[in-house]
Structures are given as C-alpha cells and as structure tokens.
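Below is one structure, written out as structure tokens, with a few remarks after it.
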Amino acid sequence: MSNPASPPAVGVLAERPPLAFPPGFLWGAATAAYQIEGAATAGGRTPSIWDTFSHTPGRVVAGHTGDVACDHYHRLDSDVALMAELGLRSYRFSVSWPRVQPGGTGPINQEGLDFYRRLVDQLLANGIEPWLTLYHWDLPQPLEDAGGWPARDTAARFADYAALVAGALGDRVRYWTTLNEPWCSAFLGYGSGAHAPGRSDPAAAVRAGHHLLLGHGLAVPALRAAAQSEVEIGVTLNLYPVTPATDSPGDADAARRIDGLANRFFLDPLLRGSYPADLMSDLRQVSDFGHVRAGDLATIAAPLDLVGINYYSRHVVAAPTAAAPPEPYWRTPSCWPGSEDVRFVARGMPVTDMDWEIDPSGLVETLQRVYEEYTDLPLYVTENGSAFVDAVVDGKVDDPDRVAYFEAHLRAAHQAIAAGVPLRGYFAWSLMDNFEWAWGYTKRFGMIHVDYRSQARTLKSSGRWYAETIRRNGLAAQ
Ligand code: IFM
C-alpha cells in the first residue's frame with residue numbers, strides 16, 4: 001500500500017500548480033529615459049548629470065554613454081508596437097527632466113513634451129495604461145552645478161517640474177511615480193560616487209536623501225493640483241530584506257544598521273512621518289540632521305495612493321572583521337555611511353550576471369513587511385528582473401534563466417497576494433536591453449534583445465513567456 005505522505009517516486013516530478021492572479025492585475029514592463037531614449041541633444045534637450053558622468057573617462061564601463069542608447073526617441077512607434085505584441089496592460093517609463101525643462105528651471109520645452117505626449121497617446125490607443133515616473137536619476141546638470149540634491153532648493157525645483165509635467169499630461173496619465181529608487185540617487189550618486197554625479201561625500205548623501213524625500217513631498221500636492229483628472233500618485237523604493245548571516249548579536253546589529261540605511265531611511269519618513277531614531281544615532285558622526293527643517297517630515301508624508309517596490313535581491317550581512325572581501329560597487333563601504341565596517345556575505349546561491357543572489361523569498365518578505373509594518377495602500381512591484389548573458393543564435397534569443405527568474409518571482413508575488421498583501425500589479429524590468437548605468441551596455445535585462453549596432457530588436461523567449469503569462473493572467477502548470 002502506498003503511503004499518501006511519502007514523496008513522489010523517483011522520476012516523477014511534482015507538478016507545480018497553475019496560478020491565477022486577481023482580475024485586473026496590472027501586468028507591465030518598465031524602462032527609464034536615459035537608459036533607452038538616446039537623442040541626447042535632440043529637440044532642445046540639455047545635459048543631465050548622467051550625460052556629464054558618462055562622458056567623464058573612467059566612470060562607465062568601456063566609456064559607454066546614453067547618447068544613442070536604444071534610440072527609442074526615434075523608434076517610438078515600432079517600440080509601442082512591440083509592447084502591444086507582448087500584450088502589456090501597462091508601460092512604466094520615465095520623463096527626462098532636461099528634455100521637457102532644459103536646465104531644470106523655466107518654462108516647458110514643447111518639443112520635448114510632445115515626445116511624451118505622442119508616447120502616451122500611442123499607448124492609450126493600444127490599450128496600454130501609461131505609468132509615468134518623473135525622476136529616474138537624470139537631474140539637469142545646471143541644478144547639480146547649483147548644489148544638486150544636497151541643496152534644499154533642488155526639492156522646490158523638482159516640485160515645479162512635477163507640476164509642469166502634470167499640467168501637460170495629467171489629463172491622460174493616471175499613474176504617477178515621483179522618484180525612482182531615491183536610495184540610489186543619494187547613496188550611489190553622492191556617497192560612493194559610483195553613479196552620477198559621482199560625488200563621494202557621506203554627509204552630502206544624507207542631505208541628498210532628505211531633499212529627494214522633500215522634493216517628493218512637495219511634488220505630490222503640486223502634481224495633484226496641476227493634473228486635470230483623477231491621478232494615482234506613488235513613489236518607488238528599492239527595498240531589500242536584510243538578514244543577519246548568523247544569530248550572533250553582532251550580525252543582528254549589522255542587519256539593523258543596513259536595514260536603516262537601505263529601507264527605513266525612506267519608508268519611515270514617507271509612511272510614518274519620522275526618521276528612525278536608531279538610524280539618526282548610527283549617522284551621528286556623519287550628519288546632525290540639521291538640514292531637516294520644521295514641517296519637512298509632514299510634507300514628506302503627504303498622502304499617497306500607492307507604493308511602488310523594486311525588488312532584485314536580499315542583503316545578508318555580518319559584523320565587521322579585519323579582512324573584508326572586495327564587493328560590487330553598490331556594496332562598497334561608502335554607500336553605507338555609519339555602517340562602513342559591515343560585511344556583505346555571499347551565500348553561494350545562484351546569481352545573475354549582476355552577481356545578485358536569486359532569492360524570490362525576499363520578494364514575499366518585502367511585500368509582507370511593507371503591508372504589515374507600514375501601509376495598507378495598494379502595492380505594485382514596479383521593477384523586478386535579471387541580467388544574464390544572452391546570445392542571438394539563428395535570429396533567436398533563448399533565455400531560460402530569465403524565464404525561471406520571472407516565474408519564481410511571480411510565484412512569490414502570488415504567495416504574497418494569497419497572504420493578504422494588496423499587490424495590484426507587476427512590472428518586468430526591463431522591456432528591452434538598455435544602458436545599465438555604470439555598467440554601460442554590458443548587462444542585459446531586457447525581454448527584447450537590442451543589437452546596439454543595428455538597433456534591431458529581437459523578442460527573447462522570456463518575452464514570449466511573459467506575453468503568455470499576461471494572456472493567461474497567471475502562470476501555467478509545469
Ligand atoms: O537598471 C536599473 C534601473 O534603472 C533601476 N533599478 C534597477 C535596474 C537594474 O539595475
């Protein structure tokens with residue numbers, strides 16, 4: 001007699017059940033302006049900090065720049081046709097600030113704006129919900145010259161820009177994200193210097209973080225007032241579960257510190273209206289938080305309609321030791337002011353081409369944490385994806401590792417929904433291969449392969465798989 005509790009006989013694979021997502025689940029793909037548009041000087045666009053940075057020798061791998069990128073600016077029609085082919089329900093893109101408001105102040109640049117109006121209209125015509133991010137790292141260079149994000153005035157300039165764009169597109173775009181991943185803007189841009197503008201000054205990074213939050217808080221009501229229809233406004237954070245490598249008190253404290261800098265620095269002001277006391281104490285050698293003025297935190301905690309979460313991996317950390325191994329740029333000590341001595345530990349799990357450990361359970365944890373500890377607002381995974389080395393063979397790109405990554409993370413997203421998390425949508429990163437910041441074009445995240453010489457687009461097998469997932473509104477049994 002067979003025992004019902006015993007595992008399946010050898011050679012019989014347990015079938016994974018099909019998973020249906022809730023009706024109306026928003027299936028999307030995401031990109032960002034500097035990573036795909038190119039046309040760096042077209043239509044009145046002026047330089048952003050990423051133009052300056054990428055043109056500075058030694059800053060980006062192989063001297064790559066976003067001058068041409070995927071030339072999306074000139075290929076809008078055919079790119080939207082590809083989105084329609086994928087069956088996307090939504091497309092998350094960012095507006096290039098220096099394209100629509102060259103220099104970062106003054107009136108709107110009609111030619112720049114027209115590009116986004118055409119994009120939005122074409123999306124709508126194809127039944128694709130536009131999702132607009134106002135700031136995905138391309139600060140107009142003159143604003144950096146005037147002090148950049150460490151300067152308080154930049155927050156006010158951002159709110160003006162938000163109102164300009166909302167006044168122009170608020171009648172047709174429903175979903176708005178103010179900032180994408182302010183941790184990166186603050187701590188990679190001004191802490192480690194691995195991202196534009198390439199400054200390495202921990203105190204400036206902390207001020208930048210605050211002024212990004214303040215800019216968000218000022219932009220939310222400005223945007224709502226300027227839009228001529230009902231809009232849903234949120235912010236996108238790149239969140240990481242932070243796990244101690246062992247149960248030692250030292251490792252637990254390392255995890256607390258990194259969690260403070262990576263997650264709570266942003267979540268607490270936005271959703272609780274305060275900075276965590278332990279974080280401020282950890283940062284006391286770096287900043288006395290004298291840049292925080294009365295009323296700032298109430299401004300930052302402006303009521304939102306949704307929260308966007310970008311999830312890629314987990315941080316596993318340990319207390320300092322004398323010999324810390326070299327780390328990828330985003331784990332360099334200068335990204336973590338006040339916690340420079342914490343060690344990031346690799347667990348030997350499979351990694352992507354970014355060297356990021358593949359850990360879908362971290363997505364469930366992150367979604368549950370935000371819901372249980374911070375907010376019952378609708379949540380969206382506004383980015384999730386993986387870089388792998390892809391090859392075009394006989395005109396085709398087969399990328400089973402990326403399919404497996406998406407599948408595992410969508411199973412995790414479904415698990416979170418089943419546990420009660422109000423997750424309303426998922427955006428694959430990325431629609432197409434693109435300029436991966438300091439890595440230039442050497443890392444490919446796309447569901448569409450881009451040949452940067454010919455600009456030919458090839459749908460990868462992950463793109464076909466995602467299209468089928470959208471069509472089914474869920475995952476098939478395997
Ligand atoms: O390419 C980036 C994107 O711009 C922001 N989130 C992470 C992605 C992969 O590194």
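Scope of the values below: all heavy atoms of this structure, side chains included, with no hydrogens, waters or symmetry mates. Numbering of ligands and ligand atoms starts at 1, following listing order.
In this structure, R272 forms a cation-pi arrangement with Y374, its terminal cationic atom sitting closer than 6.0 Å to the ring centre and no more than 45° off the ring axis.
In the vicinity of F445, heavy-atom distances shorter than 4.0 Å reach the ligand 1 atoms 9 (C), 10 (O). Ligand 1 places these atoms under 4.0 Å from at least one heavy atom of E436: 1 (O), 2 (C), 9 (C), 10 (O).
Considering backbone and side-chain N/O atoms, Q35 comes within less than 3.5 Å of an N/O atom of ligand 1. Every N/O-N/O distance between W356 and ligand 1 stays at or above 3.5 Å. Between N310 and ligand 1, not a single N/O pair is under 3.5 Å apart. Polar contact with ligand 1: absent for N180 (N/O pair, distance under 3.5 Å).
Counted by atom type alone, Y190 and H195 present zero donor-acceptor pairs between their side chains at under 3.5 Å. Under 3.5 Å, the side chains of H72 and N434 contain no donor-acceptor pair of N or O atoms.
Under the 4.0 angstrom criterion for non-hydrogen atoms, H136 is in contact with ligand 1.
Of the protein's non-hydrogen atoms, the one nearest atom 6 (N) of ligand 1 is E383 OE1, 2.5 Å.
For the ring pair (Phe, Tyr, Trp, His ring centres under 6.0 Å) criterion with F435, the lone passing option out of Y441, F53, W137 is Y441.
Note on ring orientation: taking the six-membered ring where Trp is involved, the planes of Y426 and F406 are perpendicular (angle over 60°, cut-offs 30° and 60°).
Scanning both residues, L26 and F427, for their nearest heavy atoms gives CD2-CZ, 4.1 Å.
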